[in-house]
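Worksheet for the structure shown next.
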Amino acid sequence: MEELKTRILQEADVISDNVLKLDGILNHQVDPQLIMNIGKEFAFRFQNEKVTKVMTIESSGISVAFATALELGVPLLFARKKRTLTTDPDSFWERVPSFTHGMVTDIVVAKKFLGPGDRILFIDDIVANGDAARALIRIIGQSQATLVGVGFVVEKAFQNGARAIRETGLRVESLVRVLSLEGGRIVFG
């Protein structure tokens with residue numbers, strides 16, 4: 001997506017050789033029109049997969065997953081990162097380390113929203129090491145739903161996350177692949 005590449009070059013901050021900060025367009029402030037265009041692109045790429053639900057992990061993936069679900073005309077389901085007093089005790093959950101936050105957290109999905117009849121499209125904002133993505137993929141597997149594909153807005157291709165997921169045989173679509181952030185320069189592939 002050329003529009004997305006242009007916006008990244010204009011507004012992203014390279015924090016280090018491993019960290020790309022997208023707060024101005026994706027992770028803190030969102031441009032609704034850009035997000036809708038991203039959703040349309042994912043919906044186009046997965047239009048023949050008979051998706052019944054779009055899934056993501058809170059919170060940065062919600063806007064793009066919502067836009068995708070809206071375009072596909074299906075519900076959005078997101079994994080919560082914290083258990084609360086209202087968390088359904090009958091839930092799937094996985095522990096996951098966060099590259100960005102430097103901590104381990106739980107992701108939780110109520111079993112009543114995810115089951116064998118579902119055809120899931122997993123959409124997320126950025127993939128680096130892929131730990132969170134693999135945790136959600138395990139939850140989808142535990143539910144016996146069918147995972148039809150995975151879409152990432154930005155793939156940090158110099159890290160192993162998307163590659164490891166592709167190696168399992170899953171279809172992975174990334175709208176933008178970042179090959180390097182070395183020297184503060186964003187290199188797309």
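Numbering starts at 1 and runs along the sequence shown.
- Contacts of Ser143 classified as side-chain hydrogen bond (donor to acceptor under 3.5 Å, both in side chains), with partners at least two apart in sequence or in another chain: none.
- Annotation: side-chain hydrogen bond (donor to acceptor under 3.5 Å, both in side chains) contacts of Asp13 (sequence neighbours excluded): none.
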Item to check | Stepwise salt bridge (Lys or Arg N to Asp or Glu O under 4.0 Å) test for Glu155 and Arg166 | outcome: CA-CA 12 Å; Glu155 173 186 340; Arg166 280 186 187 97; 2.9 Å; yes
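- If you take CG on Leu34 and CG on Leu26, they are separated by 8.0 Å, rounding to the nearest 0.5 Å.
- A donor-acceptor pair under 3.5 Å is formed between the side chain of Thr56 and the backbone N or O of Ile123.
- Side-chain N or O atoms of Ser91 include none that pairs as donor or acceptor with a backbone N or O of Trp93 at under 3.5 Å.
- Applying the side chain to side chain donor-acceptor pair (under 3.5 Å) definition to pairs two or more places apart or across chains, those involving residues 33-43 are Glu3-Asn37, Gln33-Asn37, Glu41-Arg45.
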Next on the checklist: Please determine whether side-chain contact (heavy atoms from CB on, under 4.5 Å) holds for the pair Val109 and Met55, giving the CA-CA distance in whole Å, both sets of side-chain angles, and the decisive distance to 0.1 Å.
Outcome noted: CA-CA 10 Å; Val109 177; Met55 284 191 75; 4.0 Å; yes
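- With a 6.0 Å radius and a threshold of 12 heavy atoms from other residues, nucleotides or ligands, Lys111 has its NZ atom above the threshold.
- Partners of Asp118 according to the salt bridge (charged side-chain N to carboxylate O under 4.0 Å, His left out) rule, which considers only residues two or more places apart in sequence or in another chain, are Lys53.
- Note that CG of Asp131 and CD of Glu94 are 11.5 Å apart. Values are rounded to the nearest 0.5 Å.
- Interatomic distance, CZ of Phe42 versus CD of Glu173, reported as 8.0 Å (0.5 Å rounding).
- Nearest heavy atoms, Arg7 versus Glu11: NE-OE2, 2.6 Å.
- Judged purely by atom type and a 3.5 angstrom limit, Ser16 uses its side chain to pair as donor or acceptor with the backbone of Val19.
- Of the inter-residue distances, the one linking Thr6 atom OG1 with Ile25 atom CD1 reads 10.0 Å to the nearest 0.5 angstrom.
- Ion pair Arg80/Asp106 not flagged as a salt bridge, since none of the NZ, NE, NH1 or NH2 atoms sits closer than 4.0 Å to an Asp/Glu carboxylate oxygen.
- Summarising the geometry, atom CD1 belonging to Ile15 is positioned 5.0 Å from atom NZ belonging to Lys21; distances are rounded to the nearest 0.5 Å.
- Phe46 and Leu77 fall into different hydrophobic clusters, defined by Ile, Leu, Val, Met, Phe, Trp and Tyr side-chain heavy atoms under 4.5 Å apart, directly or through other members.
- Atom CD1 of residue Ile165 and atom CZ of residue Arg171 lie 14.5 Å apart, to the nearest 0.5 angstrom.
- Grouping the Ile, Leu, Val, Met, Phe, Trp and Tyr side chains by contacts below 4.5 angstrom, directly or via other members, places Val14 with Val154.
- Nearest approach of Ala133 to Phe152, heavy atoms of both residues: CB-CZ, 4.1 Å.
- The hydrophobic cluster containing Ile120 does not contain Val153, counting ILVMFWY residues as joined when their side-chain heavy atoms lie under 4.5 angstrom apart, directly or transitively.
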Result block: side-chain N/O donor-acceptor pairs under 3.5 angstrom for residues 58-76, not counting sequence neighbours:
{"residue": "Glu58", "atom": "OE2", "partner": "Lys81", "partner atom": "N", "Å": "2.8"}
{"residue": "Ser60", "atom": "OG", "partner": "Asn27", "partner atom": "ND2", "Å": "3.2"}
{"residue": "Thr68", "atom": "OG1", "partner": "Val64", "partner atom": "O", "Å": "2.8"}

Atom pairs and distances, side-chain donor-acceptor, residues 180-189, under 3.5 Å, sequence neighbours left out:
{"residue": "Ser180", "atom": "OG", "partner": "Glu182", "partner atom": "N", "Å": "3.0"}

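- Of all non-hydrogen atoms in Leu20 and Ala12, the two that sit nearest each other are CD1-CB, 3.7 Å.
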